[in-house]
Amino acid sequence: MAADDDENPKPGSNYITQSELRSEFSHHDPTIARINNGSFGCCPATIIAAQQRHHLLLLRQPDYYHAKLLKPSILHSRRLIQTLINADRVDEISIVDNATTAAAVVLQHTTSSFSLSSTFRPGDAALILHYAYGAVKKSVQAYITRAGGHVIEVHLPFPVKSASEIVLEFRKALRTGKSNGRKIRLAVIDHITSMPCVIIPVKELVQICRNEGVDTIFIDGAHAIGNLPIDVKSIGADFYTSNLHKWLFCPPSAAFLYSKQTSDELMDAATAWMGTRDYSAQLVLPEVIEFVNRFEGGISGIMKRNHDKVVEMGEMLAGAWGSELGAPPEMCASLAMVGLPICLGVKSDLDALKLRRHLRECFKVEVPIYYRAPLEGEVDDSVTTGYVRISHQVYNVVDDYYRLRDAVIKLVEVGFTCALLSK
Amino acid sequence: MAAALPHHNGTTITAAAQNPTPEPKPITPSELRSEFSHHDPTIARINNGSFGCCPATIIAAQRRHQLLFLRQPDDYYFNTLKPSVLRTRLLIQTLINADHVDEISVVDNATTAAAIVLQHTTWSFFSSAFLPGDAVIMLHHAYGAVKKSAHAYISRAGGHVIEVHLPFPINSPSEIISEFRKTLQIGKSNGRIIRLAIIDHITSMPSVIIPVKELVTICRDEGIARIFVDGAHAIGNIDINVKEIGADFYTSNLHKWLFCPPSAAFLYCKKSDDDELSDDLHHPVVSHDYGKGLPTESAWTGTRDYSAQMVLSEVMTEFVSRFENGIEGIMGRNHEKVVEIAEMLVASWGTEMGAPPEMCSSMAMVGMPTCLGIRSDFDALNLRKHLRECFKVEVPIYYREVHDDCSTTGYARISHQVYNVVEDYYRFRDAVNKLVEDGFTCARLDLQK
């Protein structure tokens, strides 16, 4: 993160007040304890208004807008992102709709839907984490498997005690994957996995990949920007993507794709199928920077406080439920995995989904639930199989988490199990 | 799904059943002005063809959908999103006379729709269902982004792209049919197999209505397996009957002539007995619903603002229905008006239209005086900018290469949509007459740099 004076508020300046903060998010459903910033993010009223101004500017005179205003506005956003992630050149940054789209662009490029001069050959491999985001896994299937590629999934432990467990497993899986003389063309590594949610030591994993001769490394940092500091040069990957609408207050939807070596081919691939659209969500970064600077410490301050709070809330919940966090605090960003009481009987992905819906409909608590299948050798009823993924963003209040705590305690008290939920 | 009445006041039985409100009051001129009061009032906006328009009522509807999502996105995602996009798909099905709603996917724009079809073709090359040298045939005047896509997907997969050069100016659809047939014959002459035809319904520049029904028949007769009609401009502009047209794929933008905000489009894929085809179409952005069919894949391509895709229902019931004879009436009047105005302009300038009225939609190509000296695409662009900046007229200009000094080289593509008034076109007429009076030429614009 650049420590640029223009981007951090001066001490003693007018920080946002509690009442202004509530006002910024007054469009959120006030009856819901919204503990899931991780899925869809949030957008303050000030930014919504900025987006609508851009939108009206487009509708007012679209030809002029496209001819004169659009490119400079996008360039401005790209420059801001370049600074935020410590990229060398602004032409390394493109803005796309979301990380899912970025993944499609990278995968198309790798398997060269567009060029027969690619080096990708049937039998070559791509490596992903077993915990890779579902949509990305499907993208890998759609592009790599279909092109005759082999997919290596790296199984990482969860719950996990330290980053070194991840490094170890990754190194092992990579060696095994290469063992038949297979060429690994692409590694897709999450910066922060989605479910279960942990920070992955990407810098170390990238280094391992380089040492083992992996051609291309793509970091899926969908959750990352606004959640933890990103330094793409230090991480050293070939591609990096993150959503701006999850933790960086942009409206749905916008993401950046950083490519260390831009190529015409990549850009042709990216533009060939996108066409014109409403770009307004991509254009409000200047207003977002203004917004975050109304908080003490700017975006750094926000990230730190979110992290501290979510760990505190996680420990509060684990204490109340007699359970544990799925990962240590240093592997949590602004999200944390908290074990659910075993007696709730979360025994499948479907159970997790149903319990989530039950919490939403009966307790007005919005929080995603992860089902962790017992490993071989684990005794079924003594192992935690359900985790909530709690988020903390600037609009959250402690009461949100008390409501979750009390809802779960109530479920335990009445002898609830997932088996009781109808199909 | 109830059978649909043919375009009765622009609403369908389904919509009426869902919204049992009394007949909407006809829109007054003052209300109409109000609906488009967000347009720059200083500009004569004669270019609906490029970016379309969106009435205030629909902008408000879009905002409502946006806020619904922001309010509780998880709930919206699980409970509201898919039913809302289904409503849009059902409306489109009715508007274009498709058999099944499964044949309709909603995407961002016609360019994405084209990419879906082209990507499918690329996989056919990859799997050797198609062989190197097999061809795709398209119009030379196909939209730039689609041409670029075709070359990106097809040429690089080893396929050959054949472009059909169509005459312009043109006197009748039979000239197009004749050229198309000729080029097709030549294209096939070395035993080459043509796998896919991409045919515009209304070309963009120069803009004319293409006789797609006849061309599709020719393609079928010549054994072309897949036919894709790019009707980017078509919906809300001319009638679309996909069953009658008979193509395998059809796309059109909802934000150009059907009052949706930027941006939304549909891709129609005819259900075929060939399961391999319909099961194998995929959206380029792969997400959770991969493999569940294109309509489902397209309904979720990651977190997006889908609101532009959600407001077609409001377009039909809260806006279009306030016009006499609904969308049919709007289309008819736009066409009549644009032809009348084109004839006014060519009379004033001493030029000609580029195509006869029956080949004009709600757009017309009007010859620019030759003395203006439009000698390149660059000149056309500069002149357009000059008209925008000095005369406050927004109209795209097409450059046509000729080999003599007296043929018309520049054509303005004028559009007429419900917000246009006759003064818009008078201003354009007078601007051009002034340029002619002043002895203006495009060469002069270059010197000013």
Side-chain angles (χ1 to χ4, degrees), chain A residues 27-29 32 34 36 39-43 48 52 55-56 58-67 97-101 103-104 107-108 112-116 134-136 138-139 141-143 146-147 243 245-246 251-253 268-269 271-278 281 357 360 366 368, chain B residues 38-40 43 45 47 50-54 59 63 66-67 69-78 108-112 114-116 118-119 122-123 126 145 148-149 152-153 156-158 261-263 265 282 284-291 301-306 308 385 388 394 396:
Chain A
H27 55 278
H28 285 191
D29 186 337
I32 297 276
R34 185 166 163 150
N36 186 22
S39 285
F40 299 106
C42 67
C43 186
I48 295 173
Q52 288 179 358
H55 193 224
L56 279 173
L58 164 72
L59 295 174
R60 180 179 167 80
Q61 220 297 49
D63 296 87
Y64 176 73
Y65 188 88
H66 276 269
D97 288 322
N98 48 44
T100 303
T101 303
L107 287 164
Q108 282 187 349
S112 34
S113 295
F114 301 98
S115 161
L116 291 176
V136 174
K138 294 233 159 110
S139 217
Q141 181 193 333
Y143 287 105
R146 192 171 181 180
N243 284 318
H245 55 264
K246 270 196 200 284
S253 70
D268 277 351
T271 54
W273 45 268
M274 287 182 185
T276 33
R277 71 236 289 100
D278 178 351
R357 195 170 69 195
R360 177 189 307 125
E366 187 63 60
Chain B
H38 54 279
H39 285 192
D40 186 338
I43 296 277
R45 183 167 164 150
N47 186 22
S50 285
F51 298 106
C53 66
C54 185
I59 297 174
R63 301 252 181 275
Q66 285 169 331
L67 279 172
F69 176 79
L70 293 173
R71 180 179 166 80
Q72 219 296 48
D74 298 83
D75 182 70
Y76 189 93
Y77 172 77
F78 284 107
D108 283 328
N109 49 51
T111 304
T112 303
I116 291 172
L118 289 164
Q119 186 173 259
T122 304
W123 282 117
F126 177 81
K148 198 166 148 187
S149 250
Y153 280 100
R156 296 193 209 193
S263 66
H282 295 287
V285 179
V286 177
S287 190
H288 303 294
D289 292 325
Y290 179 71
T301 53
T303 301
R304 293 285 309 279
D305 180 350
Y306 294 96
K385 202 167 75 169
R388 177 191 300 133
E394 186 63 59

**Request:** Could you have a look at Thr101(A), Asn243(A), Asp97(A) and say which one has the most heavy-atom pairs with chain B under 4.5 angstrom?
**Result:** Asp97(A)
**Asked** Contact part of Arg277(A) toward chain B, heavy-atom cut-off under 4.5 Å: side chain, backbone, both or neither?
**Response** both
**Asked** Can you say whether Tyr76(B) sits under 4.5 Å from chain A via the side chain, the backbone, both, or neither, judging by heavy atoms?
**Response** neither
**Prompt:** Who among Ala104(A), Gly134(A), Ala142(A) has the most heavy-atom pairs with chain B under 4.5 Å?
**Reply:** Ala142(A)
**Asked** Side chain, backbone, both or neither: which part of Ile116(B) has a non-hydrogen atom closer than 4.5 Å to chain A?
**Response** neither
**Asked** Under 6.0 Å from the OH atom of Tyr64(A), do we count more than 12 heavy atoms belonging to anything else shown?
**Response** no
**Asked** chain A: which of Gln66(B), Arg63(B), Arg388(B) shares the most heavy-atom pairs with it under 4.5 Å?
**Response** Arg63(B)
**Message:** Using the side-chain contact (heavy atoms from CB on, under 4.5 Å) criterion, which residues pair with Ala281(A)? Sequence neighbours excluded.
**Reply:** Gln51(A), Pro251(A)
**Request:** To the nearest 0.5 angstrom, please state how far the NZ atom of Lys148(B) sits from the CG atom of Leu118(B).
**Result:** 14.0 Å
**Request:** Verify, without hydrogens or angle tests, whether Lys138(A) (side chain) and Tyr290(B) (backbone) share a donor-acceptor contact under 3.5 angstrom.
**Result:** no
**Request:** Identify which part of Ile32(A) has an atom lying under 4.5 Å from any heavy atom of chain B, answering side chain, backbone, both or neither.
**Result:** side chain
**Item:** Arg304(B) with Asp108(B): basic N within carboxylate O range, under 4.0 Å
**Value:** yes
**Request:** Report yes or no: do Asn47(B) and Asp63(A) form a side-chain donor-acceptor pair below 3.5 Å?
**Result:** yes
**Complete:** Across all chains, not counting sequence neighbours, the ring pair (Phe, Tyr, Trp, His ring centres under 6.0 Å) partners of Tyr65(A) are none
**Asked** Which answer fits Thr301(B), side chain, backbone, both or neither, if we ask what part of it has an atom under 4.5 Å from a heavy atom of chain A?
**Response** backbone
**Request:** Output the option from Ala67(A), Pro368(A), Ser253(A) having the highest count of non-hydrogen pairs under 4.5 Å with chain B.
**Result:** Ser253(A)
**Message:** With a 4.5 angstrom heavy-atom cut-off, is it the side chain or the backbone of Asn109(B) that approaches chain A, or both, or neither?
**Reply:** side chain
**Request:** Pick whichever of His245(A), Arg146(A), Arg360(A) has the most heavy-atom pairs under 4.5 Å with chain B.
**Result:** Arg146(A)
**Asked** Do Phe40(A) and Phe69(B) have ring centroids that are under 6.0 Å from one another?
**Response** yes
**Item:** Check: His27(A) side chain, Ile48(A) main-chain N or O, donor-acceptor pair, under 3.5 Å
**Value:** no
**Fill in**
When the 4.5 angstrom heavy-atom criterion is applied to Leu70(B) and chain A, the contacting part is both
**Prompt:** What's the spacing between Gln119(B) CD and Ser149(B) OG if we round to 0.5 Å?
**Reply:** 10.0 Å
**Prompt:** chain B: which of His55(A), Gln61(A), Gln141(A) shares the most heavy-atom pairs with it under 4.5 Å?
**Reply:** Gln61(A)
**Message:** So for Glu366(A), is it side chain, backbone, both, or neither that comes closer than 4.5 Å to the heavy atoms of chain B?
**Reply:** side chain
**Item:** Segment of Ala147(A) engaging chain B (4.5 angstrom heavy-atom cut-off)
**Value:** both
